[in-house]
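Keep in mind it's a predicted model, so treat the numbers as computed, not measured. Naming: A, B, ... by sequence-line order, numbering from 1 per chain.
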Number of protein chains: 4
Amino acid sequence: MAAAKRVCVSKGFGRAKIADVAREAELSVGTIYLYFKKKDELFAALSVRVLKHLNVRLWRARARKDLTFEQSLDVVKKALLEIYEIDPHMFLTLANLQASETLANITLELQRKIVDLLHQSFDIISQVLREGLETERPHAAAPAKLSLILWALFSGLVLWEESKRSLDPRKDHFKSTLNVAFEVFARGIVAH
Amino acid sequence: MAAAKRVCVSKGFGRAKIADVAREAELSVGTIYLYFKKKDELFAALSVRVLKHLNVRLWRARARKDLTFEQSLDVVKKALLEIYEIDPHMFLTLANLQASETLANITLELQRKIVDLLHQSFDIISQVLREGLETERPHAAAPAKLSLILWALFSGLVLWEESKRSLDPRKDHFKSTLNVAFEVFARGIVAH
Amino acid sequence: MAAAKRVCVSKGFGRAKIADVAREAELSVGTIYLYFKKKDELFAALSVRVLKHLNVRLWRARARKDLTFEQSLDVVKKALLEIYEIDPHMFLTLANLQASETLANITLELQRKIVDLLHQSFDIISQVLREGLETERPHAAAPAKLSLILWALFSGLVLWEESKRSLDPRKDHFKSTLNVAFEVFARGIVAH
Amino acid sequence: MAAAKRVCVSKGFGRAKIADVAREAELSVGTIYLYFKKKDELFAALSVRVLKHLNVRLWRARARKDLTFEQSLDVVKKALLEIYEIDPHMFLTLANLQASETLANITLELQRKIVDLLHQSFDIISQVLREGLETERPHAAAPAKLSLILWALFSGLVLWEESKRSLDPRKDHFKSTLNVAFEVFARGIVAH
DNA sequence: GATGAATGAGTCTTCATTCAT
DNA sequence: TATGAATGAAGACTCATTCAT
């Protein structure tokens, strides 16, 4: 799977061949098929891995208590950013999963796993937000909806950032845009 | 191109074959190649079309004067939503363009056109925001950055909405989430 | 299809590759797939051809009137033998169709065609036998059953003949055995 | 080998994999190769087993003395039918051996064994027929030739029966057709 | 301009066979 | 004897692209 990710990064998701992965992993083609029934199964498994990693990080963030809402949000932002900076392709893997038809070609079991992990991600973010929201922003929207908005905001920015490289030479800094985005978000959830 | 879009919608972006497009267009395969040098060229042209359509709408929104910031933002939201509702796959086309490696395989000319149109989109949104911001939110972030955030927010929500159909049976309504997202955004750009 | 047959003859049914057929036909692999959806479809089509050829011959035999039962039987034998001698592999094609799992992998339409042609073969043989039987062998078994027995006898002998070459050096002459078989059959359908 | 036969029956001859056999036998793949050098060797050995079983039955039939020709023939028929009914796939195994190219890929030793056993089968049938023929049908054809015809008749009917299941919904009963076939055969060997 | 048959390189996938343990 | 992970050659099938008509 590490090899598969490396191939995705270097050749692009759609151009990644099983033979490439095998070569990168210093295995034969057949061996790949010993562990993954289909090509799409392998790449979907990559997403599972990303989501698991993500959830571990988010979980750690959630463990911290006695934080204000702003601090909680900051913890979520840091968790997402940290993961992105460790491996900027992680979220792109997820974006590709969403944009491609990979999902249609995998086992129901794997599909369920992915759905489940995504739900977990949202639930953790919701929980982090909820505590701060309840005391400080009692009139804010439902945490579940807000966590989805946060997720969309983040993945939209990542997708843009990644595609920008080939499209748009105009320089803008991901991190600073992200900071502004989170500030806007934080202030937007006002208590009237 | 209309045929190409219909094929993309019904079979999915990655599974769309030139032969399908030809059949849908009631033309022969060869004829497609009279108008598009490469397959990727055709699908990139689709994105150009989406962006042009988008810009026309945004331009109309921009034309209205004497609006408060909130009203301006509402106009942008309506323009984006309207386009999405007329054709939910338009933004997915763009997302696919970003997520796939299509961009790497097209002529420089077409690449430039796409970049140019995207800049136009941002510029129009920036302008819409700028007027309201200058008078009502003098301390807000740069309009260019805010328009990017708005774009990311919207495309992130669309991508999620589209992928959710196959992944996640949990019902949530795109439109209401979008409304909340824009409310949060609008309130977030406060003048301290 | 002529190329496919030649490949079957020279390399054996199970070892015939699409690439071989393409080379033999002086076409590319893709062109084969322009006319046959699946590999098995091509080889099943071969059987259809054999059966059609067979039925034409049998039909001609049937056209002759005013024959005694023995003469009718002789006409059937000659028709079968003639086909076998023109192309000894024709019946082997059918035997392979029966012994292999090809039938499970073809379209229902093609399956139906094969069934239909086989029924036709039996029906023609039945008709040839019927006339002679009615007047000369009134107490014989049903012509349909007898034509099946004749068919089994013939194809059993062909299968044996074909496999014998690699198995059994013991010489015996197909034609003379066939003659004896038909004599036995003719005498066996006695009028008590 | 029992496992191999079960796999052949359930998945079909051509679709039987060594891995399937190993799983069925509750052994590992490697272990299969301790006992059979090649895949074809294993399946050829299956034929040897069938032929041995067949010969045992035929031998028993031969042991009975003081039978008329018709009774002898009946004994042969019963032996063949009994084997067929115990395991309808036995003869199909032999038919597959004949129709496929398996024979070309096995050791000379195994080839000889198969040839030898086939000769034995014919010889036993010949002997059964000979006794009755000599006294009751002095002018009949050579017993060797007649036993080959009998064999062809039987295997032709079996092959037909087996293929019919997937091809032809038209019901006809194997056993009754076989009975008619043997009656015809018995009467056909008349003494003029 | 339009056609669509032909192409063949490119990929996935399978599976008999080996071999270090 | 037994294992079963690893192999990689082989082969079916696809589809963007071309070009003679």
Worksheet item: dG11(F) P sits how many Å from Asp20(C) CG, rounded?
Response: 8 Å
Discussion item. Looking at dT17(F), I'd like to know if its phosphate oxygens (OP1 or OP2) sit under 4.0 Å from a side-chain N or O belonging to Lys39(B).
Written reply: no
Worksheet item: With distance as the sole test, does Glu24(C) use its side chain to make a donor-acceptor pair with the main-chain N or O of Arg6(C) at under 3.5 Å?
Response: no
Worksheet item: Within a strict 4.5 Å, meaning less than it, do heavy atoms of the Thr107(A) and Glu41(A) side chains meet?
Response: yes
Discussion item. Counting the atoms with a prime plus P, OP1 and OP2 as sugar-phosphate, which does Ile18(C) contact under 4.0 Å by heavy atoms, base, sugar-phosphate, or nothing?
Written reply: sugar-phosphate
Worksheet item: If you find the nucleotide of DNA chain F closest to Ala16(B) and the one closest to Gly30(D), which residue's nucleotide is nearer the 5' end?
Response: Gly30(D)
Response to the item:
When rounded to whole Å, the CG to C1' distance for the pair Leu42(C) and dG11(F) reads 15 Å
Practice prompt. In whole angstrom, give the distance that lies between atom CZ of Phe43(C) and atom P of dG11(F).
Written response: 12 Å
Worksheet item: How close or far is atom P of dC15(E) from atom NZ of Lys11(D), stated in whole angstroms?
Response: 8 Å
Worksheet item: Starting at the 5' end of DNA chain E, which residue's closest nucleotide do you reach first, Val29(B) or Lys17(A)?
Response: Val29(B)
Discussion item. Rounded to whole Å, how long is the line connecting atom OH of Tyr33(D) with atom P of dC15(E)?
Written reply: 12 Å
Worksheet item: Separation of Phe36(A) atom CZ from dT14(E) atom C1', in whole Å?
Response: 18 Å
Item to complete: Answer yes or no: does atom NZ of Lys17(B) have more than 12 heavy-atom neighbours from other residues, nucleotides or ligands under 6.0 Å?
Response: yes
Discussion item. Which is more 5' along DNA chain E, the nucleotide nearest Lys38(D) or the one nearest Asp40(A)? Just name the residue.
Written reply: Asp40(A)
Worksheet item: Applying a 3.5 Å limit to both distances, which nucleotide forms a Watson-Crick or G-U wobble pair with dA20(F)?
Response: dT3(E)
Item to complete: Indicate yes or no for a side-chain donor-acceptor contact from Lys39(A) to the backbone of Ala16(A) under 3.5 Å, with no hydrogens or angles considered.
Response: yes
Worksheet entry | Length of the OH-C1' vector between Tyr35(A) and dA5(F), whole Å | 6 Å
Worksheet entry | N/O (side chain, Thr31(D)) to phosphate O (OP1/OP2, dT1(F)) under 4.0 Å | no
Practice prompt. Can you see which heavy atom on Gln111(A) is nearest to which on Leu103(A), and at what distance?
Written response: NE2-O, 2.9 Å
Fill in: Below 4.0 Å: OP1/OP2 of dT3(F) and any side-chain N or O of Ser28(D)
yes
Worksheet item: Separation of Arg23(C) atom CZ from dT7(E) atom C1', in whole Å?
Response: 16 Å
